[in-house]
Amino acid sequence: MIDLKLLRQDPDVFRRGALAKGIDVDVDRLVNLDEQRRALTAERETKRAEQKRLSKEIGPQIGTLQGQLKSAQGPQRDAIQKKIQALQEKPAELKTEIQSVDRTLAEIEPQWKELWLAVPQPPDRDVPAGDSPADNVELRRWHPSWFDPDKSFVDNKGFVPKTHLELVRDLNLVDFERGVKMAGTRSYFLRGDGARLHQAVLRLALDYVVNEHGFTALSAPVIVREEAMVGTGFFPAGRDQAYHIEESKRGAGHDLFLVGTGEVSLMGLHGDEILDADSLPLKYATVSTCFRREAGAAGKDTAGLFRVHQFDKVEQVVICKADEAESRHWHQTMIGIVESFLQRLELPYRLVQCCTGDLGPKNADMIDIECWMPGRTPAPGSAPGSAQAGDWGETHSASRLYDYQCRRLNMRYRDSSGSTVICHSLNNTVAASPRILIPILEMYQNKDGSVTVPEVLRPYMNGQERIG
RNA sequence: GGUGGGGUGGCGGAGCGGUUGAACGCGCCGGUCUUGAAAACCGGUAUACCCUUCGGGGUAUCGCGGGUUCGAAUCCCGCCCCCACCGCCA
């Protein structure tokens, strides 16, 4: 969530930020509620201080009088009781006043909190303006020497490619029909070499960030409480995207939610902690199953492995000191990690700078990495390199969040002067599968219908060189 | 699922309803002593928000929420969580 002090100083930054992201939120109302809340809180505190002061003064007096009351009789007794009553009058008055303020506060605070959580992080100044992914800006491309996406697949490899759908069907790598039978639309079984390839990519990705980049591997909960979803910034905006386990309806204390990304688990780890500054940056990676309802995506990418309800992902996060330069540095570093990962896999990719409208509420900046998918049908209106089939498909996403996420998570460290500072956080996909299997299968297919196993994956496939 | 026991500061652990943000111990930081270290001794050690003439002042927080009371860590109600044992179990 945003820093309310900044909001008070310059609400326009947040008005413009929400507008740029196309998020409808009443910033002015938040400013107003915040003012009201602060005024009421100040009033309450003053009255409360007076009440406490009176209490200390009156308490012993009442005690003494009550002691006298025991031995007193007749008119003396009445006089003492009147004294006690008189003493109690003023604090009782204050009590009523405080209760009245409390009632107003109790009305305002939930609205205030809800709006506060809903105000998005303004896009960073160097993020290009735009309404939709169509306005995203390509930054750079890479491709292996043996495949240039600017040329047609036929020109590159000398035969007409199959789509990944055809490949997995012909090679019996995925069983969609039974997946759907068992779990509904967007469900699937990976089988045989399909399942092995999936595990191979994930393991390669995890080993890579852990062994070569010093990330700490974690196996983490993927079923989490609401706080973790709110804390990481996926709720309330993305509530519809999450599977909700209504444990409370069965008598349990809390409902649970399935995470849509390992980011939730990795970032939730140190929630409500004051971290040792010397331990920063924290670099964590996890391989986890991700669950997404894909609400609002009905009819979109319905076929194949591109958009599914359940997948596995190696995710990396960095939690660092609150320093813009450092944040930017780690963003670039994480992107570099993914680039070299894709280069080892020899998959053509491009970096795309997401525009303001494509950022989502929590990000200040986001860079997507898209792999070339020869079997992908170009989105209507988009113009890839040439008029051939095939298109770029998003496989990775690298976000820079400043302290927006860590403020929600209440994750801080102590600086050299001893005061607490909210951390910065970043996250990036290392590999999400089975989506990444699409470019692998399509790029590595052979004329005879078989698929060559990328060299870097062979150690994870018992040395196997071909599928089919 | 059954039965019992608990939730207090970084940790352990006290706490007749009234200067208790909270004894004491440990840890941590600073100092004295020491050639250095240890030990010993002395001092300091929560977070958030608000106000400030920048000295400081105030409020909240003892699992969470509500209630009783002039006043609640302490009493009452509801909820959550944890631990132990038994049962079941990858």
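Residue numbers start from 1 in every chain, and the chains themselves are labelled A, B, ... in the order their sequence lines are given, proteins ahead of strands. As the structure is a prediction and not an experimental result, all values here were calculated from the model. Computed from heavy atoms alone, side chains included, the values below leave out hydrogens, waters and symmetry copies.
Rounded to whole Å, the distance from CG on A:D102 to P on B:rG66 is 9 Å. Rounded to an integer number of Å, the gap from CD1 of A:I98 to P of B:rG71 is 8 Å. B:rC29 atom P lies 11 Å from atom CG of A:D276, rounded to whole Å. Summarising the geometry, the separation between CG on A:D34 and P on B:rC49 is reported as 12 Å, rounded to the nearest angstrom. Atom CG in A:D255 sits about 11 Å away from atom P in B:rC81, given to the nearest Å. Between A:E247 atom CD and B:rC79 atom P there is a gap of 17 Å when expressed in whole angstrom units. One can place CG of A:L256 at 13 Å from C1' of B:rC80, the figure rounded to the nearest angstrom. Between A:R225 atom CZ and B:rC64 atom P there is a gap of 14 Å when expressed in whole angstrom units.
Of the residues near RNA chain B, A:Q99 and A:K5, the one whose nearest nucleotide (by heavy atom distance) lies more toward the 5' end is A:K5. RNA chain B is contacted by both A:R53 and A:H254; A:R53 maps to the nucleotide lying nearer its 5′ end (nearest heavy atom per residue).
For A:R293, there are no salt bridge (Lys or Arg N to Asp or Glu O under 4.0 Å) partners two or more places apart in sequence or in a different chain. Judged as a ring-ring contact (aromatic ring centres under 6.0 Å, His included), and not counting sequence neighbours, the contacts of A:H424 are A:Y402. With sequence neighbours excluded, the residues forming a side-chain contact (heavy atoms from CB on, under 4.5 Å) with A:K249 are A:E246, listed by chain and number. Remark: A:D28 engages A:R15, A:D26 in a side-chain contact (heavy atoms from CB on, under 4.5 Å) (not counting sequence neighbours). Every residue meeting the salt bridge (Lys or Arg N to Asp or Glu O under 4.0 Å) condition with A:R16, not counting sequence neighbours, appears here in chain and number order: A:D12. Legend: residues meeting side-chain contact (heavy atoms from CB on, under 4.5 Å) with A:E394, ordered by chain and number and at least two apart, are A:D368, A:E370, A:S397, A:R435. For A:E465, there are no side chain to side chain donor-acceptor pair (under 3.5 Å) partners two or more places apart in sequence or in a different chain.
Here the side chain of A:H309 pairs no donor or acceptor atom with the backbone of A:S187 at under 3.5 angstrom.
Annotation: B:rG6 and B:rC75 have their P atoms spaced 13 Å apart (nearest Å). Across B:rC24 and B:rA14, the matching C1' atoms stand 7 Å from one another, rounded to whole Å. Only the C1' atoms considered, B:rC41 is 39 Å distant from B:rC49, to the nearest whole Å. Taking the P atom of each, B:rA73 and B:rG55 are spaced 33 Å apart, rounded to whole Å. Across the C1' atoms, B:rU20 and B:rA46 are found 15 Å apart, a figure rounded to whole Å. Between B:rU8 and B:rA22, the two C1' atoms lie 8 Å apart (nearest whole Å). Here the separation of B:rG10 from B:rA48, taken at their P atoms, is 12 Å to the nearest Å. Rounded to a whole angstrom, the distance from the C1' atom of B:rG15 to that of B:rG65 is 24 Å.
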At a cut-off of 3.5 Å, list every protein nitrogen or oxygen paired with a nitrogen or oxygen from nucleotides 55-58 of chain B, distance to 0.1 Å.
| unit_1 | atom_1 | unit_2 | atom_2 | d |
| --- | --- | --- | --- | --- |
| B:rG58 | N2 | A:E45 | OE1 | 3.2 |

With 3.5 Å as the limit, what N/O pairs link the protein to nucleotides 45-48 of chain B?
| unit_1 | atom_1 | unit_2 | atom_2 | d |
| --- | --- | --- | --- | --- |
| B:rU47 | OP1 | A:R414 | NH1 | 2.4 |
| B:rU47 | OP1 | A:R414 | NH2 | 2.9 |
| B:rU47 | O3' | A:R412 | NH1 | 2.9 |
| B:rA48 | OP1 | A:R412 | NH1 | 3.3 |
| B:rA48 | OP1 | A:T420 | OG1 | 2.3 |

Exercise for the section: Take A:E326 and A:K321, measure what salt bridge (charged side-chain N to carboxylate O under 4.0 Å, His left out) needs, and give me the verdict at the end. Expected result: CA-CA 7 Å; A:E326 197 178 338; A:K321 288 185 182 172; over 6 Å; no

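Relative to the side chain of A:R38, the nucleotides B:rC81, B:rG71, B:rC50 differ in distance, and B:rC50 lies closest.
Nucleic acid contact for A:R8: sugar-phosphate only, since backbone atoms but no base atoms lie under 4.0 Å from a heavy atom of the residue.
Among residues at least two apart or in separate chains, side-chain hydrogen bond (donor to acceptor under 3.5 Å, both in side chains) pairs with a member in residues 276-288 of chain A are A:H270-A:Y284. Among residue pairs with one or both ends in residues 244-267 of chain A, those qualifying as ring pair (Phe, Tyr, Trp, His ring centres under 6.0 Å) are A:F235-A:F257, A:H244-A:F257; sequence neighbours excluded.
Between A:Q51 and B:rC70, a side-chain N or O to OP1/OP2 separation shorter than 4.0 Å is absent.
Consecutive Watson-Crick or G-U pairing (both distances under 3.5 Å) extending over three or more pairs maps onto RNA chain B as B:1-7 with B:80-86, B:10-12 with B:24-26, B:27-32 with B:40-45, B:46-51 with B:56-61, B:63-67 with B:75-79.
In textbook terms, a nucleotide whose glycosidic angle is within 90° of 0 is syn, while B:rG63, being further out, is anti.
Here A:I467 contributes atom CD1 and A:D170 contributes atom CG; the two are 13.5 Å apart, rounded to the nearest 0.5 Å.
Ion pairing between A:K181 and A:E177 fails under the 4.0 Å rule for side-chain N and carboxylate O.
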